[in-house]
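Just below is one structure, and these are the notes that go with it.
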Amino acid sequence: MKDFLKALKESYKITDNISISIMDVIILVVVLVIASVILRLIRKLITRNLPYSDKQKFKVVFSYGRWFIYVVIMLITLHTLGVNVTGIFAASAALLIGIGLALQTLFQDIISGVFILIDQTVHVGDIIEIDGKVGRVEEIKLRTTRAVTIDNKVLIIPNHLYLTNILYNWTQNGTITRDSVSVGVAYGSDVQLVKKLLLQAANSHPDTLSEPETAVVFTDFGDSSLNFKVVFTLNDSFKGQFPRSDIRFEIDRLFREHNISIPFPQRDIHIISKPKE
């Protein structure tokens with residue numbers, strides 16, 4: 001038995017600076033097995049509330065990260081057991097720094113994709129606005145998100161933009177959203193009649209909903225006009241530009257019928273002549 005233990009502890013030279021024993025290998029295997037079990041439990045804990053498709057995407061990312069963790073654990077374990085791995089540490093550090101600098105943006109996209117899958121900020125079918133662009137999400141990948149605009153143009157959004165830009169999710173609270181149309185009328189107009197006509201124009205459109213009800217806001221006394229905003233409810237804000245356009249047409253028609261003018265900017269110029277000497 002003593003000879004067996006002695007054989008296990010006997011070191012074997014791999015290179016001039018690195019030697020390892022059978023006992024070191026056994027300990028290393030046990031540590032890696034324990035790490036594998038812990039990582040599997042962590043993965044199940046994180047993905048337990050994710051949809052099946054998102055679980056598969058996260059599993060792919062996690063598999064790459066798992067091998068990286070295995071390498072780090074192996075080097076730390078060997079170093080703890082007294083194996084001289086200074087050269088390996090130095091080579092690994094230089095390699096990882098080079099890879100990190102070369103693939104920095106790629107890593108940002110992948111990490112952001114993982115965050116999206118975990119915190120469920122964006123779902124397929126959501127209408128999002130980012131960097132001034134609006135689209136309906138069609139697919140969420142690990143590196144990019146694919147969305148389609150109202151013009152049927154495809155937006156390929158790198159996932160790291162979610163961390164560096166403000167994201168507006170129009171439909172996270174549901175498909176029903178509030179929209180508005182602004183208009184100015186000439187000073188001296190009957191503001192109560194203006195309010196009535198704006199409500200009529202918005203409520204007559206088939207795409208506007210009765211709840212929450214349409215409202216008119218007197219926003220400001222402008223330089224050349226009295227400014228109003230009619231606020232209404234839509235069930236599909238993705239195509240909101242078409243109801244807004246129809247409501248503007250109707251407002252223009254109603255204003256013409258009731259002799260309410262929409263003014264253009266005006267300036268009064270006063271010319272002061274200097275008397276002759």
Side-chain angles (χ1 to χ4, degrees), residues 47 49-62 64 102-184 198 201-209 212 214 217 219 227 229-253 262:
T47 60
N49 295 325
L50 295 180
Y52 177 77
S53 59
D54 292 343
K55 284 183 180 181
Q56 299 305 310
K57 296 175 183 177
F58 185 84
K59 186 176 179 180
V60 173
V61 178
F62 195 84
Y64 291 113
L103 303 177
Q104 183 177 5
T105 303
L106 177 62
F107 289 157
Q108 287 180 351
D109 290 336
I110 293 176
I111 292 172
S112 301
V114 173
F115 287 157
I116 292 172
L117 296 178
I118 292 175
D119 63 17
Q120 300 289 284
T121 304
V122 179
H123 300 82
V124 173
D126 285 353
I127 300 172
I128 62 172
E129 178 182 352
I130 186 170
D131 198 21
K133 299 177 178 61
V134 179
R136 191 190 300 274
V137 177
E138 297 290 333
E139 185 179 14
I140 301 175
K141 298 182 179 180
L142 289 176
R143 195 183 68 83
T144 59
T145 297
R146 188 170 67 90
V148 178
T149 67
I150 186 64
D151 302 319
N152 201 31
K153 297 176 181 178
V154 178
L155 286 175
I156 305 298
I157 307 171
N159 287 336
H160 77 271
L161 292 180
Y162 292 118
L163 298 181
T164 58
N165 292 68
I166 297 177
L167 170 68
Y168 295 95
N169 192 328
W170 291 10
T171 53
Q172 190 172 49
N173 293 330
T175 58
I176 297 177
T177 57
R178 297 284 273 176
D179 213 326
S180 65
V181 169
S182 298
V183 64
L198 290 177
N203 291 329
S204 63
H205 197 280
D207 289 343
T208 59
L209 304 179
T214 305
V217 181
T219 58
N227 298 327
K229 180 168 68 173
V230 55
V231 184
F232 46 88
T233 306
L234 296 177
N235 189 37
D236 188 1
S237 58
F238 187 56
K239 298 180 180 179
Q241 62 176 336
F242 300 112
R244 288 195 299 270
S245 175
D246 294 338
I247 290 173
R248 290 188 182 100
F249 277 116
E250 183 67 10
I251 289 173
D252 181 71
R253 186 185 70 81
I262 300 175

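The chain is numbered in sequence order, starting from 1. Every value quoted in this text rests on a predicted model; they were computed, and no experiment measured them.
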query: Under the side-chain contact (heavy atoms from CB on, under 4.5 Å) test, which residues partner I176, sequence neighbours left out?
result: L209, T233, N235

message: Would you say that I247 contacts T208 through its side chain, given a criterion of any heavy-atom pair below 4.5 Å between the two side chains?
response: yes

task: Could you pull out the closest heavy-atom pair between T149 and V134, with the gap in Å?
output: CG2-O, 3.5 Å

task: State which residues pass salt bridge (Lys or Arg N to Asp or Glu O under 4.0 Å) with D131; sequence neighbours excluded, sorted by chain then number.
output: none

- prompt: If you round to the nearest 0.5 Å, how far is CD1 of I150 from CD of Q241?
  reply: 5.5 Å

task: Working to the nearest 0.5 Å, report the span between CD1 of I128 and CD1 of I157.
output: 4.0 Å

field: Straight-line distance of H205 NE2 to D246 CG, nearest 0.5 Å
entry: 3.5 Å

- prompt: How far apart are the closest heavy atoms of V122 and V137, and which atoms are they?
  reply: CG1-CG2, 3.6 Å

- prompt: What pair of heavy atoms forms the shortest contact from R136 to G125, and how long is it?
  reply: CG-O, 3.7 Å

task: With sequence neighbours excluded, tell me which residues meet side-chain hydrogen bond (donor to acceptor under 3.5 Å, both in side chains) with D207.
output: none

query: Will you find, in the side chains of T214 and N203, an N or O donor that is under 3.5 Å from an N or O acceptor?
result: yes

field: With sequence neighbours excluded, residues passing side-chain hydrogen bond (donor to acceptor under 3.5 Å, both in side chains) with E129
entry: W170

- prompt: What's the shortest heavy-atom distance between V230 and A202, and which atoms?
  reply: CG2-CB, 3.8 Å

task: Grab the two heavy atoms, one from P243 and one from G240, that are nearest each other, plus how far apart they are.
output: CD-O, 3.2 Å

- request: For R178, enumerate each residue passing the salt bridge (Lys or Arg N to Asp or Glu O under 4.0 Å) test, keeping only those at least two apart in sequence or located in another chain.
  value: none

task: State which residues pass side-chain hydrogen bond (donor to acceptor under 3.5 Å, both in side chains) with T144; sequence neighbours excluded, sorted by chain then number.
output: none

field: More than 12 heavy atoms from other groups under 6.0 Å of CD1 on I156
entry: yes

- prompt: Should the heavy atoms of other residues, nucleotides or ligands under 6.0 Å from CG of N152 be counted, would the total exceed 12?
  reply: no

- prompt: Distance-only, no hydrogens or angles: does the S180 side chain make a donor-acceptor pair with backbone N or O of K229 under 3.5 Å?
  reply: no

- prompt: Passes side-chain contact (heavy atoms from CB on, under 4.5 Å), T145 versus E139? Steps please.
  reply: CA-CA 6 Å; T145 297; E139 185 179 14; over 6 Å; no

- prompt: Quick one: does R146's side chain get under 4.5 Å of V154's, heavy atoms only?
  reply: yes

